[in-house]
Each structure stands twice: as C-alpha cells, then as structure tokens.
Amino acid sequence: MPVRFYNSMTRTVEEFTPVQKGTAAMYTCGPTVYNFLHIGNLRTFLFEDLLHRWLRYRGYNVRQVMNLTDIDDKTIRDSRAQGMPLSEFTEIYKKAFFEDLKALNVAPAEVYPSATGHIPEMIGIIRTLIEKGYAYSTDDGVYFKISAFDGYGKLAHLDKDSLRAGASGRVANDEYEKETVSDFALWKKWSPSDGDVKWQSPWGEGRPGWHIECSAMSMKYLGETLDIHSGGIDNMFPHHENEIAQSEAATGKQFARYWLHSAHLIVEGEKMAKSKGNFFTLRDLLAKGYSARSIRYLLYTTHYRKPLNFTFDGIKGADAALKRIDDFLFTLGNIKSEGAEDAEFVRMLTTQTEKFEAALDEDLNIAEGMGALFELIRAVNEGMERVTKGFADRVLKFFGKADSVLGFLNFGKADDLTDEEHKMISERSDAKKGKDFARADELRKVLLDRGIEVRDTPDGTVWKRI
RNA sequence: GGGGAUGUAGCCAAGUGGUAAGGCCGGGGCCUGCAAAGCCUUCACCGAGGGUUCGAUUCCCUCCAUCCCCUCCA
C-alpha cells in the first residue's frame, strides 16, 4: 500500500513518491525561540513527528530538518526588553524547546539548524535573486519583487494583484519603503531598534528577513527540491508562499513536491489567546499535573487537517483511554498458558494490523488507526482466557511496532519491588488461601498506598505499579 | 471586503450515495470472598432549510455558528 498525503498545493490526496526512491527529505518549520512551546505549537510538531515516524515505519530513510528561528522581530524585541544579548536570550528557549520535545517523546529530526548560523547562505541566495532581477535594494532593505515571479500565490491560491496590505490589521501599510506593498523583505538594513544585532552584507549592516532562512537551510541540507515541506496552516501564507517564490526564482526548480499543513487547535471551543486566559504552554499543563503522555495522546485523537478542540475533559478522557491500553498490555504480559495459537485470533490480528496500516497510509488517519487498535483490544479481551503466551507475544510485538509511530504506549516496567513488598504479596496470597480475607485486604491496602496494585487473575496474583 | 476550512451522541472523534467505527463519561447486568481488570448491554432523527436521487449524514444551493489566512501567529 502506498502512502498518500493531502498536498496543499494541489488540494488533493496524492500518492507519495519521493525524488529519491526510499528516501524522504522533509523540511518542517520549527519554532521561533522567544517563548516556551504552547499546545498549538505542540500540535504542529506532533503532527510532524507522526509524519516522520510513519514514513520510517513504511521503510523510508527519513531525513528531517527543523529550523530554529533565532533572529527576527520578536526575538530582538524580547531580548532587548530583558536586557540580554540575543544569542543568550534565544539559547534559553532553544534549550527549553528540546526539553519539551523530549518530554513529549518526539523523535528527533536529523538536523536542527539555526538561522543565525546560516547568514552567508542566505546572502548567497539574495545575491542570486538580485542578479536575476527578482529582488531590489532600497534605503531600508532588499525586497523580493513578487510581480517578477509568475507563480506567486499558487500555494495559498491567492491572486497577487488583489492582496490587501494590512488587511489583518497587524502591520502598518507605510512600514517599509517597498515598490508594492506585497513585496517582502529578504534583508533588513540595520535600524536603532535592532540594537547590536547586525551582520555584514553587500547591502550594508543588517539582518535577514524571516522567510529567507528556510530557503537557505532547506536547500543546504536537503537539496534544491525537497520531498515534503510542512508547517502550521497559518504559515501557508505568506511564509511558505514566499519561500517558494525565493527558492524557485533562485534555482529555477520546483522547491517542494508535497506541502502538508496542520490545522490549528482551539481550547474549550474558543480560539486560544493570552487575553482569554486559555493560553497554555506544555510547562503550564505539566505544572497542573497532567502528563506529557496524555497530552501526546490527546493531540493525536484528531486528524491533523481538522481543527482540534483541546479540553481538560479531553485530557481526562485521554488518561482513561491510556489506562485501558496499559491494562491490556499488562494483562498480556502476564499470560503464562502454553498451547497452540487460535487461528481465529491470528486472523483477527492480521485484519486489525492491516486496518491500522491502511488508515495511516491514507493521509495519516490516526483516529481510524486507533479505532483498529481498540477493536483488537476488545476482541482479545473478550477471549482472554483462550489467549496463549505465544499469541500474547505476537500482539505485544504488534503494539510495540505501532508504538514506534504512536509513542505513547506503556509496556510496563521491570520488576522493581523490594524484598519486603514481594514478601507482603506472598503473605497476602497465603492469607487468601487460609480464607483470612481481612488480613489479605489489609496487605492489599498497604501495597496500594505504596503505589502497587494487586490483582487476582486466573494465572495467579499479579501486581502493577500505578 | 476577499480566500479557505469545520459543524456527527454529555464530551472527543472516524466514516459512507443505501439508514453511522472507536475512545471517555453515565445507566443496567455478568464475573470476583471483596476488589481491580474484563465482558455483555444501553446511550445519535449525522448544524438548519431547500434541491438532485428510488434513496443523502454523505452531492448541489442558501442560511446560521465557529476557526484559519489576506506580510512576519504552529
């Protein structure tokens, strides 16, 4: 089964065929390191993690690049407000970014380049663009001339002649000295508000525009034509549109073959905004006692192209769902009975495995994939007394493979009880045999207070850390 | 003003031109010394109104609501 993705460029689901067979070169827009990651960021990064992991599951040699934007208006503004050198300021959030990804069990990208480490590459592209007549220099910067690039607007499906400058109300119309309002900055000449943030360039001291870093770094690490470029839907325009214009104008080649965009999330049915008090960073949620694992699960319950409604009830539901899976895996891990495998079980495992894989192949339909997993869980639970160790191992192996994509399953921990605790469990079993239920229940209570749940099963008494 | 999406049970969420997966919560039952886990069972007129069709939640139109973008917000 081929992997298929919805390509924002063509607005259709297409079979994925990379430039180089067996390899997937993907560029994923990373964070601007001026703050901690919020759950909206997480959704996009987790979508990209799923994309990465699924391609790997399907045997692709994945090469993912995720940039760190450590130079832009916001990083300059906030570092100056803190009275801190830019690099010192961004270092704090770079470090936090990697900590957050680790907490969420995000598979690392192969390369995490920083914008400030690639200024010469950016200058190189800008120079080419000027030479080819796609860019011009003014008193305050170098701009890309969108009227010179025919395909401008092809990704966002916008007509370049009807773009309304400042329609969003966020930018003053007269901010820059551009030929036309839609032209965007490739290089910004130094101004006092930049403080000591500046680099030398053929156009004087200054700093790169926002979009050019992605063109420079993606081409450096992945070549002039990449397979997949992804990011949040809000980056489609102008950011990705501008990247296409710069890159294709400079190289004359197609920049990216597939464009994947994730939808935003809302919180309790409302747009997430600091002013509404429903703005949460991962750190906020962890501080409230929610687990990164539950958050990961929750953010994976909705297809990436649909708006996700993040709710606190949802996190609780995620906890409960994960516990169900945990218990299932735990029970399977304790199966001891030997015997021939049930052919019907094996067939069902195959069916659900295929269903899971087909769902993910079809534009990463993880909700449907999880449905297959839960159907398998129920069916196995239903006939648990007939499950042999051999079959249990097979199912566990499948879940292990599935978790190489999901990243939120829990296969239990190694035996880490103290001798005393082991003794209490066996003492309880003896008490039960002697019908001394009061003593047995007392011991169970003591163990529970230590976070150890004791369960009596047909295969004997088992315990579980909770 | 222009462009793009979404609206399925208390909550989250798949999906299909032939009457709707899955998860969470709730009710009832079984199992268990008691639990835990599990199982069974129950819980939807698919935003509203038209249209096309033998038949629409699924296609078309209108409306309503929410979200995203229209130069630097994932």
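These numbers were taken from a predicted model, which means no experiment stands behind them. Proteins come first, then strands; the chains are lettered A, B, ... in the order of their sequence lines, and each starts at number 1.
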*Asks:* Considering only the C1' atoms, how many Å lie between B:rU16 and B:rC46, rounded to the nearest integer?
*Replies:*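 About 11 Å, rounded to a whole number of Å.
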
*Asks:* Please work out if A:R428 contacts a base, only the sugar-phosphate, or nothing of the nucleic acid, heavy-atom cut-off 4.0 Å.
*Replies:*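 Counting heavy atoms under 4.0 Å across all strands, the contact made by A:R428 includes a base.
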
*Asks:* Output the rounded distance in Å from CG (A:L332) to P (B:rG38).
*Replies:*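 Rounding to the nearest Å, CG of A:L332 and P of B:rG38 are 12 Å apart.
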
*Asks:* Roughly how many Å apart are B:rG28 and B:rA21, using the C1' atom of each and rounding to a whole number?
*Replies:*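 Approximately 24 Å lies between the C1' atom of B:rA21 and that of B:rG28.
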
*Asks:* Between B:rA74, B:rC70, B:rA37, which nucleotide has the shortest distance from any of its atoms to the side chain of A:P238?
*Replies:*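 For A:P238, the side-chain atoms sit closest to B:rC70.
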
*Asks:* Measuring only the C1' atom in each nucleotide, how far is B:rU42 from B:rU6? A whole number of Å is fine.
*Replies:*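 Rounded to whole Å, the distance is 31 Å.
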
*Asks:* Please give, in whole Å, the distance from B:rC73 P to A:N235 CG?
*Replies:*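 Atom CG in A:N235 sits about 9 Å away from atom P in B:rC73.
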
*Asks:* Can you tell me how far C1' of B:rA74 sits from CG of A:N35, to the nearest Å?
*Replies:*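 Distance check: A:N35 CG to B:rA74 C1' gives 13 Å.
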
*Asks:* Between B:rA48 and B:rC11, how far apart are the two P atoms, rounded to whole Å?
*Replies:*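 Roughly 15 Å separates the two P atoms.
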
*Asks:* With rounding to the closest Å, how many angstrom separate the C1' atoms on B:rG4 and B:rU41?
*Replies:*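 It works out to 44 Å between them.
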
*Asks:* How would you list, by chain and number, every residue that makes a ring-ring contact (aromatic ring centres under 6.0 Å, His included) with A:F98, sequence neighbours excluded?
*Replies:*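 Here the qualifying residues are A:Y112.
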
*Asks:* I'd like to compare against my own output: the B/S/- annotation of nucleotides 24-30 of chain B with a strict under-4.0 Å heavy-atom distance to protein.
*Replies:* SS-----

*Asks:* Starting at the 5' end of RNA chain B and moving along, which residue's nearest nucleotide shows up first, A:C29 or A:T331?
*Replies:*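 That would be A:T331.
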
*Asks:* Once you apply a heavy-atom cut-off of 4.0 Å, does A:D234 come out as touching a base, just sugar-phosphate, or nothing?
*Replies:*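 Base contact.
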
*Asks:* Rounded to the nearest Å, what distance is computed from the CZ atom of residue A:R378 to the C1' atom of nucleotide B:rA21?
*Replies:*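 Atom CZ in A:R378 sits about 10 Å away from atom C1' in B:rA21.
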
*Asks:* Which residues pass the salt bridge (charged side-chain N to carboxylate O under 4.0 Å, His left out) test with A:D78, sequence neighbours left out?
*Replies:*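 With sequence neighbours excluded, A:D78 shows a salt bridge (charged side-chain N to carboxylate O under 4.0 Å, His left out) to no residue whatsoever.
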
*Asks:* Contact class for A:L42 vs. all strands (heavy atom < 4.0 Å): base, sugar-phosphate, or nothing?
*Replies:*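 No contact.
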
*Asks:* Can you list everything that forms a ring-ring contact (aromatic ring centres under 6.0 Å, His included) with A:W54? Sequence neighbours excluded, please.
*Replies:*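 Counting only residues at least two positions away or on another chain, A:W54 forms a ring-ring contact (aromatic ring centres under 6.0 Å, His included) with A:Y57.
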
*Asks:* Phosphate oxygens OP1/OP2 of B:rC68: is one of them under 4.0 Å from a side-chain N or O of A:K271?
*Replies:*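 Yes, within the criterion.
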
*Asks:* Can you name the closest pair of heavy atoms from A:A107 and A:R53 and give their distance?
*Replies:*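 Scanning both residues completely, I find the closest heavy atoms to be N-NH2, 3.7 Å.
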
*Asks:* Which residues pass the ring-ring contact (aromatic ring centres under 6.0 Å, His included) test with A:H38, not counting sequence neighbours?
*Replies:*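 A:H38 satisfies ring-ring contact (aromatic ring centres under 6.0 Å, His included) with A:F279 once adjacent residues are dropped.
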
*Asks:* Using the rule ring pair (Phe, Tyr, Trp, His ring centres under 6.0 Å), only one of A:F312, A:F36, A:F310, A:Y290 pairs with A:F280; which is it?
*Replies:*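 Answer to the ring pair (Phe, Tyr, Trp, His ring centres under 6.0 Å) test with A:F280 among A:F312, A:F36, A:F310, A:Y290: A:F312.
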
*Asks:* According to ring-ring contact (aromatic ring centres under 6.0 Å, His included), does anything in residues 355-374 of chain A pair up with another residue at least two apart or in another chain? List the pairs.
*Replies:*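 Checked against ring-ring contact (aromatic ring centres under 6.0 Å, His included) - neighbours excluded - the pairs reaching residues 355-374 of chain A are A:F356-A:F398.
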
*Asks:* Find the distance A:D326:CG to B:rG38:P and express it as a whole number of Å.
*Replies:*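 Taking CG of A:D326 and P of B:rG38, I get 11 Å after rounding.
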
*Asks:* Among the nucleotides B:rA21, B:rA74, B:rC34, which one has an atom lying closest to any side-chain atom of A:D456?
*Replies:*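 The answer is B:rC34, which lies nearest to the side chain.
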
*Asks:* Counting only Watson-Crick pairs (N1-N3 plus N6-O4 or O6-N4) and G-U wobbles (N1-O2, O6-N3), all under 3.5 Å, who is the partner of B:rC73?
*Replies:*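 Paired with no nucleotide.
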
*Asks:* Please state the P separation for the pair B:rC25 and B:rC12 - nearest whole angstrom.
*Replies:*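 That atom pair is separated by 15 Å.
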
*Asks:* Please state whether the base of B:rC40 and the side chain of A:N381 form at least one donor-acceptor pair under 3.5 Å?
*Replies:*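 Checked by distance alone, the answer is no.
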
*Asks:* Need the pair for B:rU6. Rule: Watson-Crick or G-U wobble, both distances under 3.5 Å, any strand; none if unpaired.
*Replies:*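 B:rU6 is paired with B:rA65.
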
*Asks:* Could you tell me how far apart A:F330 (CZ) and B:rG38 (P) are, to the nearest whole angstrom?
*Replies:*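 Rounded to whole Å, this separation is 12 Å.
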
*Asks:* Considering only the C1' atoms, how many Å lie between B:rA74 and B:rC69, rounded to the nearest integer?
*Replies:*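 Here B:rA74 and B:rC69 have their C1' atoms 13 Å from each other.
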
*Asks:* On a plain distance test, is the side chain of A:R444 in donor-acceptor contact with the base of B:rA35 below 3.5 Å?
*Replies:*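 For A:R444, whose side chain was compared with the base of B:rA35, there is a donor-acceptor pair (under 3.5 Å).
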
*Asks:* Against A:E421, only a single residue in A:R428, A:R444, A:R450 fulfils salt bridge (Lys or Arg N to Asp or Glu O under 4.0 Å); can you say which?
*Replies:*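 Of the listed options, the one satisfying the test is A:R450.
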
*Asks:* Distance check needed: B:rC68 P versus A:M272 CE, whole Å only.
*Replies:*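 These atoms are roughly 10 Å apart.
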
*Asks:* Which part of the nucleic acid, if any, lies within reach of A:D441 when heavy atoms closer than 4.0 Å are counted: base, sugar-phosphate only, or nothing?
*Replies:*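 Base contact.
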
*Asks:* Give A:H264 one of three labels, base, sugar-phosphate or nothing, depending on what nucleic acid heavy atoms sit under 4.0 Å from its own.
*Replies:*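 Base contact.
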
*Asks:* Taking the C1' atom of each, how far is B:rA44 from B:rU57, in whole Å?
*Replies:*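 The answer is 11 Å between these two C1' atoms.
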
*Asks:* Would you check if the side chain of A:T461 reaches a backbone N or O of A:V454 as a donor-acceptor pair within less than 3.5 Å?
*Replies:*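 Judged by distance alone, no pair lies under 3.5 Å.
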
*Asks:* What is the separation between atom CZ on A:R439 and atom C1' on B:rC34, rounded to the nearest whole Å?
*Replies:*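 That distance rounds to 17 Å.
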
*Asks:* What pairs with A:Y300 under ring-ring contact (aromatic ring centres under 6.0 Å, His included), at least two apart in sequence or on another chain?
*Replies:*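 Partners of A:Y300 under the ring-ring contact (aromatic ring centres under 6.0 Å, His included) test: none.
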
*Asks:* Taking A:N278 for its side chain and A:K274 for its backbone only, find out whether a donor-acceptor pair lies under 3.5 Å.
*Replies:*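 Judged by distance alone, no pair lies under 3.5 Å.
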
*Asks:* May I ask you to list the residues of residues 95-106 of chain A, by number, that have any heavy atom positioned under 4.0 Å from an atom of RNA chain B?
*Replies:*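 Residues of residues 95-106 of chain A that come under 4.0 Å of RNA chain B do not exist, since none gets that close.
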
*Asks:* Checking A:D194 now: which residues fulfil side chain to side chain contact (heavy atoms under 4.5 Å, CB included) with it, not counting sequence neighbours?
*Replies:*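 Checked A:D194 against side chain to side chain contact (heavy atoms under 4.5 Å, CB included); matches are A:I76, A:W190, A:S191, A:R207.
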
*Asks:* Taking a pair as Watson-Crick or G-U wobble with both distances under 3.5 Å, which nucleotide is matched to B:rC46?
*Replies:*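 None - no nucleotide pairs with B:rC46, as no candidate has both distances under 3.5 Å.
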
*Asks:* Could you list the residues that satisfy side chain to side chain contact (heavy atoms under 4.5 Å, CB included) with A:D150, not counting sequence neighbours?
*Replies:*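 A:D150 satisfies side chain to side chain contact (heavy atoms under 4.5 Å, CB included) with no other residue.
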
*Asks:* What pairs of residues pass the side chain to side chain donor-acceptor pair (under 3.5 Å) test when at least one of them lies in residues 376-386 of chain A, not counting sequence neighbours?
*Replies:*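 Only A:D342-A:R386 qualify under side chain to side chain donor-acceptor pair (under 3.5 Å).
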
*Asks:* Going by side chain to side chain donor-acceptor pair (under 3.5 Å), A:S215 matches just one of A:E243, A:Q246, A:E121. Which one?
*Replies:*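 It is A:Q246, the one option of A:E243, A:Q246, A:E121 that forms the side chain to side chain donor-acceptor pair (under 3.5 Å) with A:S215.
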
*Asks:* Sort out the partner of B:rC59 for me: Watson-Crick or G-U wobble, both distances under 3.5 Å, none otherwise.
*Replies:*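 Looking at the geometry, B:rC59 pairs with B:rG51.
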
*Asks:* Does the protein touch nucleotides 12-19 of chain B at the base, only the backbone, or not at all? Give it as B, S and - per nucleotide, heavy atoms under 4.0 Å.
*Replies:* SSSS----

*Asks:* Does a side-chain N or O from A:K323 land closer than 4.0 Å to OP1 or OP2 of B:rA37, or not?
*Replies:*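 Looking at the OP1 and OP2 atoms of B:rA37, one of them is under 4.0 Å from a side-chain N or O of A:K323.
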
*Asks:* Could you pick out which residue, A:N41 or A:R305, lies toward the 5' side of RNA chain B when each is mapped onto its nearest nucleotide?
*Replies:*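 Nearest nucleotide further toward 5': that of A:R305.
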
